[in-house]
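Working notes for the structure below.
Starting from 1, each residue takes its place in the sequence as its number. Counting starts at 1 for both ligands and their atoms, in listed order.
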Amino acid sequence: MEKFSAVGEKDITRAIVSGFAKQFQEYVESDCVIVGAGPSGLMAGRDLARRGLKVLIVERNNYLGGGFWIGGYLMNKVTVRHPAERVLDELGIPYEEVSNGLMVADGPHACSKLIAAACDAGVKFANMTVFEDLVLREDGQVSGVVINWTPVASLPREITCVDPVGMESEIVIDATGHDAQVVKKLEERGLIKTKGFGAMWVERSEDLIIEHTGEVHPGLIVAGMAVSTTFGLPRMGPTFGAMLLSGEVAARVALGKLESRFPAR
Ligand code: 48F
């Protein structure tokens, strides 16, 4: 059997550090920062990166995918209602139509294909990284995010004085799910009022989320379940079509805002 190449510990460490530093340096300034790597954030990121935008997704967990891995009730199946199976077809995710307009796919298969599609399109990720705050300019324009390492929050009190860093971007997308953490930072400053998501009503929730996906403050677009929390829409439970399509809509809105640089095709 062929031997592994002669590479020492220092070479491996240097490769990691320089690879990280190069990407971080480059993405300190980007076209779009998406907070949250769930289905809506990954879809938005994939669509934007495909169009040539420099996209960074910030995710507090080590793993990407949010709630898309396990679907409902820890049962590893994800449901999608028509017409969102179009996205499953596009991503090559196998599914079964169990009743008219209701598809079921395997969570791990669906989620890994979506993550791979975002990576293939050129999205970069800062995982184990928590969104802490927004960068706001004097006219209220959202111009980036303030981030810190996820483990910092778990450090003992006496050594928690770790300042976060700022990343600039033209557009920020809140794809943090039910918590709507980015929008909530505007609410803390009295710039927006969220309503909190309503009780479950599957038949209404998905269409309403698509209708309400968009810019909620100059430079801030909201996608996925964060839309529901922002506007007080019914929650939808374990079905994901609206998450995928909301990501698409968020990307379209972002592209519209940057149209002079990325003209409509
Ligand atoms: O929750 P999540 O999957 O959001 P989504 O794209 O999809 C919602 C569905 O999974 C499901 C549903 C409808 O089918 O009800 O819940 O709207 O993914 C949100 C991601 O954001 C990350 C979080 O870890 C998750 O991966 N996140 C949340 N807050 C932060 C964050 C934060 N402060 N900083 C970084 N990442």
Side-chain angles (χ1 to χ4, degrees), residues 33-47 56-81 84 87 102-105 107 110-111 114-115 118 123 125-134 144-153 164-165 167 172-188 196-202 204-210 212-213 221-231 233-251:
V33 167
I34 299 171
V35 186
S40 64
L42 288 168
M43 269 306 283
R46 183 207 67 151
D47 280 11
L56 179 70
I57 300 190
V58 172
E59 169 55 55
R60 68 182 170 192
N61 286 327
N62 184 28
Y63 71 91
L64 310 171
F68 206 34
W69 287 109
I70 50 174
Y73 208 58
L74 292 180
M75 286 197 188
N76 256 9
K77 299 285 177 194
V78 295
T79 61
V80 164
R81 292 194 301 152
V87 177
L102 178 63
M103 330 297 151
V104 179
C111 197
L114 178 55
I115 294 167
V123 174
F125 294 91
N127 51 339
M128 290 298 278
T129 302
V130 178
F131 161 86
E132 277 197 359
D133 208 344
L134 283 161
V145 293
V146 179
I147 57 169
N148 215 334
W149 295 115
T150 299
V152 166
V165 293
M167 312 288 275
V172 174
I173 298 180
D174 185 345
T176 59
H178 292 279
D179 294 340
Q181 299 224 340
V182 186
V183 176
K184 292 260 173 76
K185 282 288 157 190
L186 291 179
E187 188 167 34
E188 279 174 23
F197 60 83
M200 195 182 284
W201 189 357
V202 172
R204 292 217 62 201
S205 61
E206 295 211 89
D207 293 309
L208 285 170
I209 280 184
I210 305 305
H212 288 78
T213 298
I221 293 167
V222 65
M225 282 314 288
V227 176
S228 174
T229 299
T230 303
F231 292 99
L233 309 177
R235 63 187 300 172
M236 77 183 61
T239 188
F240 288 83
M243 300 299 101
L244 301 169
L245 301 190
S246 171
E248 280 188 344
V249 174

For this session: Start with the C-alpha gap between D174 and I221, add the side-chain angles, then the distance that decides, and say whether side chain to side chain contact (heavy atoms under 4.5 Å, CB included) holds.
Result: CA-CA 6 Å; D174 185 345; I221 293 167; over 6 Å; no
For this session: Test side chain to side chain contact (heavy atoms under 4.5 Å, CB included) on M243 and I209 and set out the steps.
Result: CA-CA 8 Å; M243 300 299 101; I209 280 184; 3.9 Å; yes
Exercise. Does the pair V249 and I210 meet the rule for a side chain to side chain contact (heavy atoms under 4.5 Å, CB included), with working shown?
Worked result: CA-CA 7 Å; V249 174; I210 305 305; 4.0 Å; yes
For this session: Carefully, step by step, assess F197 and H178 under the rule side chain to side chain contact (heavy atoms under 4.5 Å, CB included).
Result: CA-CA 8 Å; F197 60 83; H178 292 279; 3.3 Å; yes
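Of all the heavy atoms in P39 and G67, the pair that sits closest is CD-N, 4.5 Å. Closest approach of L208 and P234 over heavy atoms only: CD1-CD, 3.8 Å.
Of the protein's heavy atoms, E59 OE1, 3.4 Å lies nearest to atom 25 (C) of ligand 1. For atom 12 (C) of ligand 1, the nearest protein heavy atom (residue, atom name, distance) is M225 CG, 3.6 Å. For atom 18 (O) of ligand 1, the nearest protein heavy atom (residue, atom name, distance) is G38 CA, 3.4 Å. Scanning the protein for heavy atoms near atom 7 (O) of ligand 1, the closest one is M243 SD, 3.3 Å. Here the protein heavy atom with the shortest distance to atom 33 (N) of ligand 1 is Q181 OE1, 2.7 Å. Of the protein's heavy atoms, R60 N, 3.2 Å lies nearest to atom 35 (C) of ligand 1. What sits closest to atom 34 (N) of ligand 1 on the protein, heavy atoms only, is F131 N, 2.9 Å. With hydrogens left out, the protein atom closest to atom 1 (O) of ligand 1 is G177 CA, 3.9 Å, a heavy atom.
Looking at heavy atoms from C-beta onward, V58 lies in side-chain contact with V33 at the 4.5 angstrom threshold.
At least one heavy atom of H178 sits closer than 4.0 Å to an atom of ligand 1. Distances from ligand 1 to the non-hydrogen atoms of N61 include at least one value under 4.0 Å. Put simply, no part of V227 is less than 4.0 Å from ligand 1, judged by heavy atoms. Between G237 and ligand 1 there is a heavy-atom distance shorter than 4.0 Å.
Between S246 and S40, the side chains place no donor N or O within less than 3.5 Å of an acceptor N or O (distance only, hydrogens not considered).
Atoms of ligand 1 lying under 4.0 Å from any heavy atom of F240, numbered from 1 in the order shown and given with element: 9 (C), 10 (O), 14 (O). Close approach to T129 involves these atoms of ligand 1, each under 4.0 Å from a residue heavy atom: 35 (C). Of all atoms in ligand 1, listed by their number and element, those nearer than 4.0 Å to a heavy atom of G36 are 20 (C), 21 (O), 22 (C). Within ligand 1, the atoms closer than 4.0 Å to a non-hydrogen atom of G224 are 17 (O), numbered from 1 in the order shown. Taking a cut-off of under 4.0 Å to the non-hydrogen atoms of S40, the atoms of ligand 1 that pass are 5 (P), 6 (O), 17 (O). Proximity to G67 (heavy-atom distance under 4.0 Å) selects the following atoms of ligand 1: 2 (P), 3 (O), 10 (O). Per-residue contacts place V130 under 4.0 angstrom from the following atoms of ligand 1 (heavy atoms of the residue considered): 33 (N), 34 (N).
Judged purely by atom type and a 3.5 angstrom limit, T129 uses its side chain to pair as donor or acceptor with the backbone of N127. For W69 (side chain) and L64 (main-chain N/O), a donor-acceptor pair under 3.5 Å exists by modelled atom type.
The only option from L56, V35, V165 that meets the side-chain contact (heavy atoms from CB on, under 4.5 Å) definition with I147 turns out to be V165.
With respect to the salt-bridge test (charged N to carboxylate O, under 4.0 angstrom), the residues K184 and E187 do not qualify.
Taking OG1 of T79 as the start and CE of M236 as the end, the distance is 10.0 Å to the nearest 0.5 Å.
Contacts of T239 with ligand 1, taken as heavy-atom pairs under 4.0 Å, involve the backbone alone. The part of A175 lying near ligand 1 is the backbone, judged by heavy-atom distances below 4.0 Å. When non-hydrogen atoms are compared, ligand 1 lies under 4.0 Å from neither the backbone nor the side chain of L64.
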